[in-house]
2 protein chains.
Amino acid sequence: MSEQEKQTKEQLILTAAEQEFLTKGYDGARTTSIAKAAGVTHAMLHYYFRTKEQLFERIVDDKFRLMAQSILAAFGNPNQSIVERIRGGIGLHFDYIADNPQLPRFVINEIIARPERYDILYSRMRGIVDSIYANLQRDIDLAAERGEMVQIDARMLFISIMSLNIFTFVAYPFMEPIMGELMADRNAFLQARRAENINTIMCRIKAK
Amino acid sequence: MSEQEKQTKEQLILTAAEQEFLTKGYDGARTTSIAKAAGVTHAMLHYYFRTKEQLFERIVDDKFRLMAQSILAAFGNPNQSIVERIRGGIGLHFDYIADNPQLPRFVINEIIARPERYDILYSRMRGIVDSIYANLQRDIDLAAERGEMVQIDARMLFISIMSLNIFTFVAYPFMEPIMGELMADRNAFLQARRAENINTIMCRIKAK
DNA sequence: CTTTGCATTAACAAAATTGTTAAACACGAT
DNA sequence: ATCGTGTTTAACAATTTTGTTAATGCAAAG
């Protein structure tokens with residue numbers, strides 16, 4: 001059972017740490033608070049992860065991978081028409097973030113707090129983004145020539161999509177108290193927002 | 001000159017503190033680091049502001065006011081047509097944030113870190129937002145009836161505009177390294193982004 | 001049953017960070 | 001000149017937070 005127990009305790013700490021780091025960031029997080037939330041002594045936390053730094057890196061690695069995946073999964077899609085691929089991609093991306101609403105804010109804050117640290121990560125992402133971009137841009141150009149949509153820079157379109165989808169969640173706690181009934185029912189609001197984001201982008205790219 | 005000197009030192013500390021708090025947040029900021037950046041001993045900082053907390057509040061108050069203003073100023077506008085008012089508002093809002101690019105992230109993080117604290121602030125903002133909203137929604141409804149634009153919920157439109165404008169700056173450090181030449185020239189990119197945001201919203205509200 | 005190896009605890013140590021104080025200082029007003 | 005007021009400094013105190021250690025437990029393998 002020692003193997004089982006260890007798994008559980010380590011897992012408990014990781015889960016508590018994830019929650020703490022995602023909401024409070026590295027600086028705001030306290031190892032004692034994490035240990036308490038996990039129901040272990042704080043010496044236990046250091047026993048498994050040595051330092052706060054190392055514990056944090058475990059979380060960060062996971063989360064960055066997740067963030068990159070969410071972007072890829074949404075647009076590295078099969079062989080529908082480009083317009084449908086974009087429409088579907090927006091929805092997928094939105095849903096992905098809805099499942100991890102704290103993720104974007106965490107990633108952005110981390111990168112701003114310690115940019116140096118993520119150089120390796122960038123080279124990986126850069127390659128992925130470049131290939132998606134080239135692919136998407138080519139399809140957009142072709143579709144534009146056929147009059148199926150307007151000509152547009154794929155990266156600009158991409159940024160617009162990310163803006164609309166991500167901001168909804170990043171700013172939710174800020175907007176919720178000042179938007180009244182519109183946001184009273186979270187699920188209803190998110191559903192409406194999802195549709196609105198798709199609609200907004202579709203209007204933008206639809207052939208005139 | 002004692003009066004002059006005091007102003008300057010206090011001001012030096014405030015300026016350094018603003019920079020530190022905006023980039024690192026309350027938890028990441030160090031009073032010693034602020035004092036050093038301001039070129040004063042850290043005892044000096046405590047002499048003028050007593051605690052880190054109080055120094056922080058001075059900054060936060062300013063910044064929240066600024067944030068609220070930016071939203072108001074952009075859309076509480078004169079008597080052009082509603083479509084033109086929206087078009088102009090997007091640009092104004094974008095420019096305002098371009099002048100204070102760290103502001104939105106700071107405000108959002110602060111509110112998430114300590115929601116309780118901003119209850120009073122909310123009641124003030126709530127009133128302002130409500131009146132702008134009612135006003136805008138009425139004009140939109142009228143314009144929609146006249147066929148000048150599509151029918152749309154003003155708050156949804158509002159969120160879309162904020163998303164597009166704010167995200168550009170919040171995520172800049174994250175996107176810059178993975179977007180290649182598109183973002184190489186910051187000014188050129190921002191100008192393009194400003195136009196794109198206006199274009200995107202105009203497409204969304206233009207009468208079909 | 002004892003050895004071995006990891007798990008656990010409590011108490012402690014070290015470092016970093018915030019906050020204080022007492023003494024020196026500058027300088028204008030009386 | 002000196003008194004008073006607010007400024008400045010250096011040294012120190014307090015607290016918080018991270019990290020360590022030595023002793024103990026516990027369970028499986030020999």
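Protein chains get the first letters and strands the later ones, always in sequence-line order, with residue 1 at the start of each.
- Under the 6.0 Å distance and 45° angle rule, A/R186 counts as a cation-pi partner of A/Y172.
- Rounded to an integer number of Å, the gap from B/D27 CG to D/dT16 C1' is 13 Å.
- For the pair B/M44 CE and C/dC25 P, the computed distance is 16 Å after rounding to whole Å.
- Distances were taken from every side-chain heavy atom of A/T41 (C-beta onward) to each of C/dT20, C/dT9, D/dG6; the shortest belongs to C/dT9.
- Look at CZ on A/F56: it is 16 Å from C1' on D/dT18, rounded to the nearest Å.
- Rounded to whole Å, atom C1' of C/dT8 lies 11 Å from atom CD1 of A/I13.
- Annotation: cation-pi pair B/R114/B/Y26 present, NZ/CZ under 6.0 Å from the ring centroid and within 45° of its normal.
- Using modelled atom types, one side-chain atom of B/D185 and one backbone atom of B/A188 make a donor-acceptor pair closer than 3.5 Å.
- Counting to the nearest Å, the P atom of C/dA22 and the OH atom of B/Y47 are 16 Å from each other.
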Could you spell out the base pairing of DNA chain D in dot-bracket, with Watson-Crick or G-U pairs whose two distances are under 3.5 Å, [ ] crossing and | to another strand? ||||||||||||||||||||||||||||||
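- By the 4.5 Å heavy-atom criterion applied to side chains, A/F106 and A/F21 are counted as neighbours.
- Closest of all the heavy-atom pairs between A/M162 and A/H93 is CA-CE1, 4.1 Å.
- Contact check for B/K63 versus B/E18: side-chain heavy atoms found under the 4.5 Å cut-off.
- The number of heavy atoms from other shown groups lying within 6.0 Å of CZ (B/R126) is above 12.
- Within a 6.0 Å radius of CD in B/Q191, no more than 12 heavy atoms belonging to other residues, nucleotides or ligands are found.
- In this model, the phosphate group of D/dG6 is not approached by any side-chain N or O of B/Y48 to a distance below 4.0 Å at OP1 or OP2.
- OP1 and OP2 of C/dA7 both lie 4.0 Å or more from every side-chain N or O belonging to A/K9.
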Can you check each nucleotide of nucleotides 12-18 of chain C against protein heavy atoms at under 4.0 Å and return B for base, S for sugar-phosphate only, - for none, in 5' to 3' order? -----SB
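- Rounded to whole Å, the distance from CD1 on A/I34 to P on D/dG19 is 11 Å.
- You'll find the side chain of B/P104 reaches within 4.5 Å of the side chain of B/I97, heavy atoms only.
- Rounded to a whole Å, the CZ atom of A/F21 is 12 Å from the C1' atom of D/dT18.
- With rounding to whole Å, B/L45 atom CG is found 14 Å from C/dT20 atom C1'.
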